[in-house]
Amino acid sequence: MSTLFVYAIVGIGLFSIGLYALIMQKHLLRKLLAINIMGSGVFLLFVSLSMRSVTGVLTDPVPSAMVITGIVVAISATALALGLMIKIARKSAKAELCNLDQE
Amino acid sequence: MIDTISILFLCLGAIFFLAGTVGLLRLPDVYTRLHALTKADNIGVGFIVIALCLQADSWFVVAKLLFIWILIFLAGAGVSHFIAKNAFYNGIDIWKR
Amino acid sequence: MIEVFLILLPFFGGILSFIIPKFNKVIGLGTFVLTLFFVFGLGLQLLDKGSYYHFIGGWDAPLGINLYVDGLSLVMLGLTSVMGLSLSIYAKKYFICKQSLWFWTIWLFMIAGLNALFLSQDIFNFYVTLELIGLSSVALTALSDTKEALTGAMRYLLITLLGSLFYLLGVALLYHGFGSVDIVILSKKIESIPVAWAALGLMSIGLLLKSALFPFHFWLPLAHSSAPAPISAILSAVIIKASLYIQLRLWSSLFIPLGADLYFEVLFAFFGSLAVIWGSIKALVQTRLKMLIAYSTVAQVGYLFIAFSLALGGISIAWSALVYLILSHALAKSAMFLVAGNLLHFHGHDRIIDLDRIAQRLPLSTTAFALAGVSIIGLPLSGGFIGKWFLLEASITKSNWVITCTILLGGLLATGYVFKVLGFTFTKTAFSQETKNISLSMELIPLSLAIMAIALGFFATPLFSLMEIGNPFFIIRVQP
Amino acid sequence: METLIIAELLFDLLLSGSLLFLAYKTLTCKELFQAIVFFIVFGLLLSVTWGRLGAYDVAMAEVVIGAGLTGALLLSTFMQLNKINNKLDEEKKQ
Amino acid sequence: MNSVYIVLILFLFFNLVAGIWRLMYGPTNEDRILTSQLFGTITVVILLLFAQMSGYAVLRDVALLFASLAAVAAIAFVQSSAKKRENRHSDD
Amino acid sequence: MTRFFVVIVVSLLFIGVSYAILSLPQQAQGLSQAVYTEMGKSGVSNPVTAVLMNFRAYDTLLEMAVLFVALIGVYSLSYIKKEANLRLQSSVLQRLGGILVPFLLLLSVYLLWVGAHASGGAFQAGSMVSASAILMFLSGWKFSLFPQHTFVRLLLSLSLIVFLFIAILTLYMSKELLLLPVKEASYFIFILEAAATVSIGITLFNLFVAIFSQQKEKK
Amino acid sequence: MNVNTYIPLFVILSSFVPALIIFRLPQKRHTLRTFLNLFGIFMTLFFVLWMFIGVYHNQEYLFRLPLLPNLDFSLKAGALALFFTGLSSILWFITTIYAIGYLEGSAHSSRFFGFFSLCITATIGVALSANLITFLIFYEILTLSAYPLIIHRGTEESRIAGNKYLFYTIAGGALLLLGVVWLYVLTETLEFTPKGFVYTIVQEHHFASMMIFTLFIAGFGVKAALFPLHGWLPLAMVAPAPVSALLHAVAVVKAGAFGIIRVVYEVYGIEIVTLLHLMTPLAVIASITIIYGSLRALFQDNLKRRLAFSTVSQVSYIILGVAIAGPVAAMGGIVHLVHQGVMKITLFMGAGNFAETLGVHYISQMNGIGKRMPLTMVAFSIGALGMIGIPPIAGFITKWYLGFGALDSGEEWVLFILAGSSLLNAAYFLPILYRAWFLSPPQSWPDEQIFSKTETKLSLLLPPLITAFFSLIFGLFVATPWSPLSWVQLIIEREFY
């Protein structure tokens, strides 16, 4: 087992922690951070597994490129979410998802 | 010979970083901690950069390293200034014995 | 070559309407007309030549990205462009000045994303298009600017991101397990190793989150009900289906050969049935019209997954049922949402019991709602009926009586909630209400959508022959 | 050589451990501000990780985004939220 | 030489981990920001040492980017967190 | 109770996926071989850039669209104020900005240029541009990069426009979308990257400003 | 491809197209609306007559349109189909005239007449459909287009009635759908064929065939108001009188009964149903319904409600006739489609006239009403006596043939049912007649409208008189070649036995 698997496992760990927090935490900023951390976990897994090749030093560039795409997407989503969050805080006095179903 | 000197510098840098960290942990208020931070930022990085410069293959690398040092220097100084000012405006008291 | 324009044109229109906001309506509508035209051309080409690939950048699959056009993607593209055009005409009147400033750009980008998704053949590309669609629909949902809409949009955003992440994790595993992100190559390489199963689970969870199957439906009602009417319409009509479409592609080429269908068949059927029952019951007890329609979507998603489960069970007619249900639900549900938008505009509220003689005062809207309701319930002769017919046929062939009963019960409950609304459109409320005028096009668009949903019932045979081009469900046929 | 490998392994473990720890702290610590700073630091370590994994392009992207933009965005959002809360408190008092 | 680098990297890393204490318990937000500043510096140094150790020159570019952007987050913090307008007076 | 349940689910997920990963073969299945054999035709020598800008340029196009949509989404949410609501005005800050900003811009040009053969590229360069713009903005400099001006809107959508332009061009030349001719590929890629840098920079900056100075709409 | 192929379609379109136009007419254009209505009716009648002659001379009228793979939308004018078509189109004509008198001038008449025409379209479609899926389609259209008529008044009461109606009928429709799909899965055909097509599978899927039959009966039984599925019918009487006439006599209830006829004769075939031992239960249910409906009718004071329960009872004669499984009884049952139609429509129009002219809704208010409105009351009396089965009115013919048929098939117990129901009919109709003719009228009527020349509006007066006349004629000239009974004989000979 290569040490690089450690990072892959850490990636899944980050994903799991993020998922846990996303479900359990109330505050939106916290949820957003959770999403970001989950994303980082996925990216970590993506890249670290591409380092498995023993022969040759050629690292696989495709996952890197995909992760860069993913990072751009993540930052876009984060920005949109932050904007939305501020607006929600302004309307409902707290940056949480209040339960509007039961009205 | 060069290796020894750079190890020496590296150790010096490490000591300053240690000092910075210890200061960060042990000093009593924001203002004094800022002081500790700048030690690590400026001198610690400085020593390590010097050590790495000695090991560098080309002048380009040396220039880059020095550049990094200057940048950290600037950022450290500026940020410390702003944080201190901010802390002062926000009414954080100065520690008195 | 034509298929590329379906992606480029909306992008181009979106950018143009961003740079020249003065003419954004003209640009938007023009783009949609052109897109529809191109879809038509694509259909002709497809009938002529059969399904084909487009190698983007000239790089073939493992390295580059392939587009793939077959009957299924053509049908979905057609749906998207028809919905796009009609909702645009509606939105032109619906949005007030400030909202429409940014609306058109996001809207066109969303359509571009949808078109790109329906053409794609590459699982990572699916991810990017999903994100494009997700972010733009969140932005559009938030356009209504009420507390509910913002909360709904936020919830939707979080869920869509979460779903995408699950999906991306699956993509990562598949890539590292089999060294490609192209569906065709993957389908050749895939074998039953733990990574494939993990990817299957993760991708399914992610996509189910996005398509709001029963236990994951919690975000849907608020987002769909509080968005502006045309956005609610497209969300329920196409966006939900986009992730289902990916599921369809993935299963039909990757996961069924894996032998995964045996377990998931039961799972999908179970949750689909629960969704039908739960969604319908929740819809029945709603007091607000848009909320009712949104819960109806939850129920209809259940039908789609029941069809999906039957299709996994090896009944080929269920694939047709699935696509037919997708189409008819899209048209009918969007008509319903638009009518709800009209009522909201007309009365300033959408409480069902206070609909004051709508049947007399807005007969066209009421007709549209009734016709759409007919299709949703699955009464003959409508698109929904054909879908339901196939579904029943499949479930009886399979002798799966639980599913059969669920389908029938769902139809009854659907009757309940549709006619709950329709009943109140005839009655008079005790207090008088102020009303606003509604422009004719805002009434005609839902009506024509509803009529299309009905008319779908008459064109089953040609549509099926169209859908069969390229044999999108090819794996099923190969298997004995 | 042996020690080097052990040291590298130690480094890997330390790095991954602190990544996990920081993520955990980010998501569970009490104060929001704290969480944001933890997240920024998490970004720092993540870019070191990219460097360690040889994905230099990703490392650069992460550095640029993490240090330059995400931190700034999150902090200004935090302050916005604070401001809104303060304003609401004042309104309540009046 | 490499072993020296890696030991130094580990040492710096321990510094960083120790600093987390301040992040957790630092009484004021300013404390936290300044700690993160220190962390940034440490990261830069780690990257530099790593570049030297493994021979990947690109990491030096990464460090350069890091160093040049170190101030942005802190400035953003400062620009949005000062509370009272009245107290502000032009400095210098 | 919920917590317990969630913990169980999350740990099951963790264990399952970890098991799947650990059971992966040691040998990578990736595409590196394919990429390196085709590198010569891509026009650049940095494999990641080759993937991003040539092999999977279509993904990049869509990614630009995502960024763009996010920006417009944020606009549609907020009332855009033209001036920064800065709390601190200090000559030190202005001086620091004065030193850093040109340097950052220089660095971004460097990144853009180096992207063809070493790590770096449009996105990194664009982020540097945005960082320098943010620094300028936060230092209290008066400059206008907001979408009220048609010119800025053009800059914001520049990358997409160039992308679409090249897409149409290649479609006209070779009937395949974004098929960059081998000889001129490097120029095409450079143009694409330059445009993307400008757009990404201004977009990210505008995202920051929109969130930094979002405020209540005046009625 | 000659014109004959399209005639079934033309019949449907000739009422459908006017309906669509009427929907969009503004409230004021009542002349145009009336013209369109009548134009549609005459076109329909013309085509129907054409087909009657054609069918009499063994001409075939079949229209096909591919609907699904292997399934067509097909319309075919056979003898049975035309029988029902003729009934509904003629009664439609009469009801429309009545409805014009009853509702023209009140609000939303465009909507009303639109859906009214749509109802007829659907009924004619039900009659002409040549396979089960077409049948199902029109059946459900009928269900839906009757709904707005029932809640036409827009009151809370009518809304509830409408919802109840819909709940019953859609549930029935769902059962029906299940049955049809199931049958299709097993037999892969749905075409109506003389003597049925289920025999191909009955060996292999014995239980399934039984279940499907049960589903069919339950599905149609809802509309045909078989006990215990009749609950919607008495409630639906809140609708305006023409609608009640439509529901009870022309379209809805009849469609259910017609469906049962189709299923028994042309899907299963008598032999198969008998083989499956399903005839006797069906007959028993029909008998229970007959007695139950009559008993309930006995205790109603609201006139329309009493008539509604009477319908529950009377429609089951048709089913009973079918279920006895003999040609003679079948004649009695099928001919009752027409007989019950003309008699019940007379009764409802009469009741509508009382309500519209005098504001009388309850039987207890009807004292001496025969003196105030003699002509209407004469018509009403003919209808009522026919229902009881007094010769020579049409109702008698039905009962005669039913009884005779029962004896023929050796099911003597049916006679007791017939006798009992006749007694009960008499028990709930005769008191009304007694009150109306022999008691003295009250000082004033609840809500009286005075018309100078006749006792009520001419367009309200004529239709019941005509239908009453019909019910007499059908009874008196039963042996002529153009009487309904002769035609039924033709059906039975050609298609069933």
Discussion item. Just checking E:Trp21 against E:Tyr25, ring centres under 6.0 Å apart?
Written reply: yes
Practice prompt. With sequence neighbours excluded, give me every side chain to side chain donor-acceptor pair (under 3.5 Å) pair touching residues 53-70 of chain F.
Written response: A:Thr69-F:Glu63, C:Trp59-F:Asn54, C:Asp122-F:Arg56, C:Asn125-F:Asp59, F:Arg56-F:Asp59
Item to complete: Taking atom types as modelled, find out whether F:Arg153 and F:Gln148 have a side-chain donor-acceptor pair closer than 3.5 angstrom.
Response: no
Discussion item. Quick check on E:Ala76 against chain F: is it the side chain, the backbone, both or neither that has a heavy atom closer than 4.5 Å?
Written reply: both
Discussion item. Could you tell me if F:Asn206 and F:Thr203 have a donor-acceptor pair between their side chains, going purely by distance under 3.5 Å?
Written reply: no
Worksheet entry | Under the ring pair (Phe, Tyr, Trp, His ring centres under 6.0 Å) test, residues paired with F:Tyr187 that sit two or more places apart | none
Worksheet item: Do F:Glu184 and F:Leu180 come within less than 4.5 Å of each other through their side chains, counting heavy atoms only?
Response: no
Worksheet item: Can you say whether F:Leu138 sits under 4.5 Å from chain E via the side chain, the backbone, both, or neither, judging by heavy atoms?
Response: both
Discussion item. Which residues in residues 106-125 of chain F have any heavy atom closer than 4.5 Å to a heavy atom of chain E?
Written reply: F:Leu107, F:Tyr110, F:Leu111, F:Ser119
Practice prompt. Can you run down the salt bridge (Lys or Arg N to Asp or Glu O under 4.0 Å) pairs that involve residues 44-57 of chain E, sequence neighbours left out, and say none if there aren't any?
Written response: none
